[in-house]
Amino acid sequence: MGETISLQELFATLKKRLWLIIGTTLTAILAAIVISYFFLTPIYQASTQILVNKAEATTDFDSSDIQTNLQLINTYTVIIKSPVILSHVIESLDLGITPAALNTQLTVNSEQNSQVVSVTVQDPEPHKAVDIANTTAEVFQKEIVHLMQVDNVTILSPAMYADDPTPVRPNKRLNIAIATVIGLMAGVGIAFLLEYLDTTVKTEHDVEELLNLPLLGLISPISDREVGVGRVIKQKGVDPHGK
């Protein structure tokens, strides 16, 4: 017959190991704070938007033109992150990295299937992120004329410098929240593990389970004071019951 654990025993275990659970949770929170604030490098983000429109300057747009431009966006996103463009960006800003390394810092997305493409750059230095985003857009706007013989790219919204930029990573509050949950779960797990590994006999219920026999009687604990009084009475020959 398998062992069953009642809710009372579960709560008793949690209550018994409450300080262990609290300590484990606080340790996890402290570790998350130290790692987030002192070890993880802050990453800043800057974005610029590019508008893909018709090559000819005209106000007459129809659905086929828009559809054609939308199809071009997929091609443009690949070209933006190609070594042809990134090599010029690296040379212009003297970044000293490879196009492949710069590629990992760039994200290119279309804005909800529109003709607007966003170039997002992440870098430990906020000003460098802005410079890379704007330079990438400028180089792409210039080089696309030679690559595809079209002039249909406009920089819609360049990245701007911020006086007090906020890093996008690490998310300190999220890290602390995750650490709290993990610490709490680890504390509860350790509490039940210690309780499971603790095979000492503490209560009459433990004796019944260990021997698989009913309990017939109990011997109450005798304090040292009571033991001492009994010895004195025995040495003086006095009936402890007053007879």
Side-chain angles (χ1 to χ4, degrees), residues 35-37 39-175:
I35 293 174
S36 297
Y37 281 86
F39 287 94
L40 295 180
T41 303
I43 301 297
Y44 298 88
Q45 180 173 295
S47 297
T48 183
Q49 291 182 322
I50 299 171
L51 174 63
V52 179
N53 49 30
K54 295 184 66 174
E56 296 81 10
T58 176
T59 57
D60 296 332
F61 282 92
D62 54 36
S63 58
S64 61
D65 294 330
I66 296 176
Q67 185 62 32
T68 301
N69 290 330
L70 291 177
Q71 292 175 353
L72 283 175
I73 289 176
N74 293 330
T75 304
Y76 285 0
T77 56
V78 176
I79 295 176
I80 291 174
K81 301 187 70 175
S82 67
V84 175
I85 303 299
L86 299 185
S87 297
H88 288 289
V89 176
I90 293 171
E91 182 180 357
S92 176
L93 297 176
D94 193 20
L95 297 177
I97 59 176
T98 63
L102 181 58
N103 193 348
T104 61
Q105 296 182 244
L106 268 69
T107 303
V108 182
N109 292 312
S110 61
E111 298 288 346
Q112 298 179 350
N113 296 325
S114 67
Q115 296 173 255
V116 178
V117 177
S118 292
V119 179
T120 303
V121 180
Q122 293 187 346
D123 194 89
E125 301 180 31
H127 286 75
K128 184 182 288 186
V130 173
D131 292 338
I132 294 174
N134 288 334
T135 305
T136 302
E138 293 168 359
V139 171
F140 173 71
Q141 185 186 30
K142 179 181 178 181
E143 294 298 324
I144 198 65
V145 177
H146 306 292
L147 292 174
M148 299 188 68
Q149 306 300 318
V150 293
D151 185 11
N152 61 344
V153 173
T154 304
I155 298 177
L156 186 65
S157 175
M160 303 294 291
Y161 296 102
D163 295 333
D164 187 17
T166 302
V168 294
R169 291 184 289 146
N171 190 331
K172 298 172 184 175
R173 291 184 179 180
L174 179 61
N175 290 347

Consider only side-chain N and O atoms of Asn175 and Tyr37, and report whether a donor and an acceptor are under 3.5 Å apart.
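No, no side-chain donor-acceptor contact under 3.5 Å.
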How would you list all residue pairs meeting side-chain hydrogen bond (donor to acceptor under 3.5 Å, both in side chains) that involve residues 133-149, not counting sequence neighbours?
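Output for this query is empty, none listed.
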Dump the intermediate steps for side chain to side chain contact (heavy atoms under 4.5 Å, CB included) on Asp131 and Tyr161, then the final yes or no.
CA-CA 9 Å; Asp131 292 338; Tyr161 296 102; 2.3 Å; yes
Less than 3.5 Å apart, which donor and acceptor atoms pair up between the side chains of residues 40-47 and the rest of the protein, not counting sequence neighbours?
{"unit_1": "Gln45", "atom_1": "OE1", "unit_2": "Gln122", "atom_2": "NE2", "d": "2.8"}
{"unit_1": "Ser47", "atom_1": "OG", "unit_2": "Thr120", "atom_2": "OG1", "d": "2.9"}

Measuring from atom CD1 of Ile97 to atom OG1 of Thr104, what distance do you get when rounded to the nearest 0.5 angstrom?
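Answer rounded to 0.5 Å: 7.0 Å.
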Nearest-0.5 Å distance, CG of residue Leu102 to CD1 of residue Ile90
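Going from CG on Leu102 over to CD1 on Ile90, the span is 5.0 Å.
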Given Val153, Asn152, Asp151, the one that forms side chain to side chain contact (heavy atoms under 4.5 Å, CB included) with Val145:
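Output: one option passes, namely Asp151.
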Checking side chain to side chain contact (heavy atoms under 4.5 Å, CB included) against Val108, which of Ile80, Ile50, Ile73 comes through?
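Output: one option passes, namely Ile80.
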Hey, is the main chain of Thr48 close enough, under 3.5 Å, to the side chain of Ser157 for a donor-acceptor pair?
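No, the answer is negative, given that no donor and acceptor are paired below the 3.5 Å cut-off.
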Verify, without hydrogens or angle tests, whether Ser92 (side chain) and Val89 (backbone) share a donor-acceptor contact under 3.5 angstrom.
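No, Ser92 side chain to Val89 backbone: no donor-acceptor pair under 3.5 Å.
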Side chain to side chain contact (heavy atoms under 4.5 Å, CB included) evaluation trace for Gln115 with Leu51:
CA-CA 6 Å; Gln115 296 173 255; Leu51 174 63; 4.1 Å; yes
Determine whether Tyr76 and Val117 make a side-chain contact, defined as any pair of heavy atoms from C-beta on separated by less than 4.5 Å.
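Not touching, per the 4.5 Å side-chain cut-off.
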